[in-house]
There are 2 protein chains.
Amino acid sequence: MGHSMPERNKNDNLALSIYEDLLKRILCDDLKPGTRLPSERELAAHYQTNRNTLREALRKLEHAHLVSVRHGQGVTILDFRKTATVECLGPFLMQARNPSEQIRTLLDLLMARVQLLEMSVALAAQRAKPEDIEQLERLVELQLHNFETDDREALIHDDVELINALVDAAHSLTARWIANTLLEVYRGLISRTQSLWVSDPSFPDYLRCLLRCISENDPEGAVSATRTYYAKIDRVLLTLLSPLLEAGRKSNPGHSEAV
Amino acid sequence: MGHSMPERNKNDNLALSIYEDLLKRILCDDLKPGTRLPSERELAAHYQTNRNTLREALRKLEHAHLVSVRHGQGVTILDFRKTATVECLGPFLMQARNPSEQIRTLLDLLMARVQLLEMSVALAAQRAKPEDIEQLERLVELQLHNFETDDREALIHDDVELINALVDAAHSLTARWIANTLLEVYRGLISRTQSLWVSDPSFPDYLRCLLRCISENDPEGAVSATRTYYAKIDRVLLTLLSPLLEAGRKSNPGHSEAV
DNA sequence: GCCTCAAATTGGTTGAACCAGTCCGAACCT
DNA sequence: AGGTTCGGACTGGTTCAACCAATTTGAGGC
């Protein structure tokens, strides 16, 4: 086990730093599934801390379904590709060593975002209240202005805000709770890699149509407008990223990719 | 704070029991957002344990975004309706005191399941490998047989298995990780309340069509078949549950329901 | 009335000891 | 020789008693 010591960020506490260090080492396939971690006592010594603090880090790994901790038996690394949850997407996209898998995961995340949007706009068109509509109108106006002035930074920021408002308008705990995890990843991704936010000339039309459908309680219209628009976006994204995808696949055959 | 002591399940450790107790008390609106919990020392005394063990429970609440813990400031209850994540869906459906909100959340969960399915079948139709197809064929055969013999128990069990296999066939970390959390809730819900699993006479046709579309790499066909079938299911579910929904709304106006 | 600073309160970290499952191997019996 | 038993050497789980560090509070000074 020749690790480097984790940097302890100013805002983080010690347990969190250790968690992040182990998380990285798992997500970049450094610690392989099935491997047993050293005992809590050894790990605590390695990170120059005590068992209690170290155990907090282990609890976090366990909660994220990255390790299995069993009394008397130790800590075993799980196969995160099978067992993890969405909260690992952000760290994974930052750590992954397989470019092809990374790009594919990224595209899938954008696809999941659209699924969340479809669900939200459908529900919003049934349940939105006047104050929801007002908030949506405000944000749509903002985006229309951002689009005209081509303010990339603002477009991205308000994109996340708009999705959030749509989820709120859906008045669905399920949608809200899915969005909380998914949008945190999405926000981090898109603000790091701004070129991932692409648009189509029909963007203003789409926003206006969506707003109309929601305020007129037309779920089918809202959903179909969303599907149509994001189908275009997907095509752009695919042509944008497919070269990277192929390049990665050649240079790094990676996991379960062998055909 | 007059709580009852939590039952310590045989399989659970102490920290988990405390977590579950506090979780319940939050999800049933017993502990209201903004409230400050007693200090770790007091809580530990109340649960007749020590600070370290109690802190493990707090870490779990924090991880689930149900409380905010800040050094020197204490532990504050968050508004779980805004901040929680999908993993709280299961406990919430068991604890919620507002029947209308409960039924609505339940319907939304089933809707989210369909969104997950749409995404998975679309990807599966692009990425499924021979062994995925084989596994799907096996499960489809099983379901066809279960449907003929009207084996409700098996239908429900293999329904979850089939969804799982579709997610696997999608070869998408994003889909897999979303499914891990969502299906855990879904499995628990549907096995507790078996009447929630409804079918349509076209079930066998749908399964066969889906399988054909996936093996012939026809994403659009797979998605549209899924949409069509589950639209029927949704109608049945809605007529099944809407009376409960209305009854709940009348007897318990509940939160943010006032119009 | 406002500012300052120290005390009280909170969570964060530490180390040691002990309890409780699990595993493995030596000793034992057959 | 083979199988069984049991004890010791792991593992994580719990407890205790301090101390460190961030925040809040309020008494005192200006």
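In the text below, chain A, chain B and the rest are named by the order of the sequence lines, each starting its count at 1.
With sequence neighbours excluded, the residues forming a ring-ring contact (aromatic ring centres under 6.0 Å, His included) with B:F92 are A:W177, B:F80, listed by chain and number. By the salt bridge (charged side-chain N to carboxylate O under 4.0 Å, His left out) test, B:D30 is found to be paired with B:R25, residues two or more places apart in sequence or in another chain being considered. Partners of A:T85 by side chain to side chain donor-acceptor pair (under 3.5 Å), not counting sequence neighbours, listed by chain and number: A:E87. For A:D108, the salt bridge (charged side-chain N to carboxylate O under 4.0 Å, His left out) partners at least two apart in sequence or on another chain are B:R127. Residues that satisfy the salt bridge (charged side-chain N to carboxylate O under 4.0 Å, His left out) test with A:E56, not counting sequence neighbours, are B:R55, B:R59. Residues passing the ring-ring contact (aromatic ring centres under 6.0 Å, His included) test with B:H65, sequence neighbours excluded: none. Judged as a side chain to side chain donor-acceptor pair (under 3.5 Å), and not counting sequence neighbours, A:Q102 has no contacts.
Residues of residues 54-66 of chain A that place a heavy atom closer than 4.0 Å to DNA chain C do not occur.
For C:dT14, the OP1/OP2 oxygens have a side-chain nitrogen or oxygen of A:T53 closer than 4.0 Å. Between D:dT11 and A:S39, a contact under 4.0 Å exists linking OP1 or OP2 to a side-chain N or O. The side chain of A:T49 places no N or O atom within less than 4.0 Å of a non-bridging phosphate oxygen (OP1 or OP2) of C:dT13.
When the local axes at the two ends of the helix from C:dG1-D:dC30 to C:dT30-D:dA1 are compared, using 5 base pairs at each end, they differ in direction by 10° after rounding to 10°.
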Indicate every side-chain donor-acceptor pair of residues 186-193 of chain B with a distance under 3.5 Å to a residue at least two apart or in another chain.
{"residue": "B:Y186", "atom": "OH", "partner": "B:R113", "partner atom": "NH1", "Å": "2.8"}
{"residue": "B:Y186", "atom": "OH", "partner": "B:D159", "partner atom": "OD2", "Å": "2.7"}
{"residue": "B:R187", "atom": "NH2", "partner": "B:E161", "partner atom": "OE2", "Å": "3.1"}
{"residue": "B:S191", "atom": "OG", "partner": "B:R187", "partner atom": "O", "Å": "2.8"}
{"residue": "B:S191", "atom": "OG", "partner": "B:G188", "partner atom": "O", "Å": "3.2"}

Could you list the donor-acceptor pairs under 3.5 angstrom formed by side chains in residues 134-143 of chain A, with sequence neighbours left out?
{"residue": "A:Q135", "atom": "OE1", "partner": "A:R138", "partner atom": "NE", "Å": "3.2"}
{"residue": "A:Q135", "atom": "OE1", "partner": "A:R138", "partner atom": "NH2", "Å": "2.7"}
{"residue": "A:Q143", "atom": "OE1", "partner": "A:N146", "partner atom": "ND2", "Å": "3.0"}
{"residue": "A:Q143", "atom": "NE2", "partner": "A:L155", "partner atom": "O", "Å": "3.1"}

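Protein atom CG of B:N52 is 12 Å distant from nucleotide atom C1' of C:dA16, rounded to whole Å. Counting to the nearest Å, the P atom of D:dT15 and the CD atom of B:Q48 are 10 Å from each other.
Two residues are said to be in side-chain contact when any heavy atoms from C-beta on lie closer than 4.5 Å; A:S120 and A:E118 fail this criterion.
Annotation for A:E184: atom CD does not count as buried by contact number, only 12 or fewer foreign heavy atoms lying within 6.0 Å.
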For nucleotides 18-23 of chain D, 5' to 3', base contacts (B), sugar-phosphate-only contacts (S) and non-contacts (-) with protein non-hydrogen atoms under 4.0 Å give BB-BBS

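Contact annotation: side chain of B:N13 to base of D:dG12, donor-acceptor pair absent below 3.5 Å.
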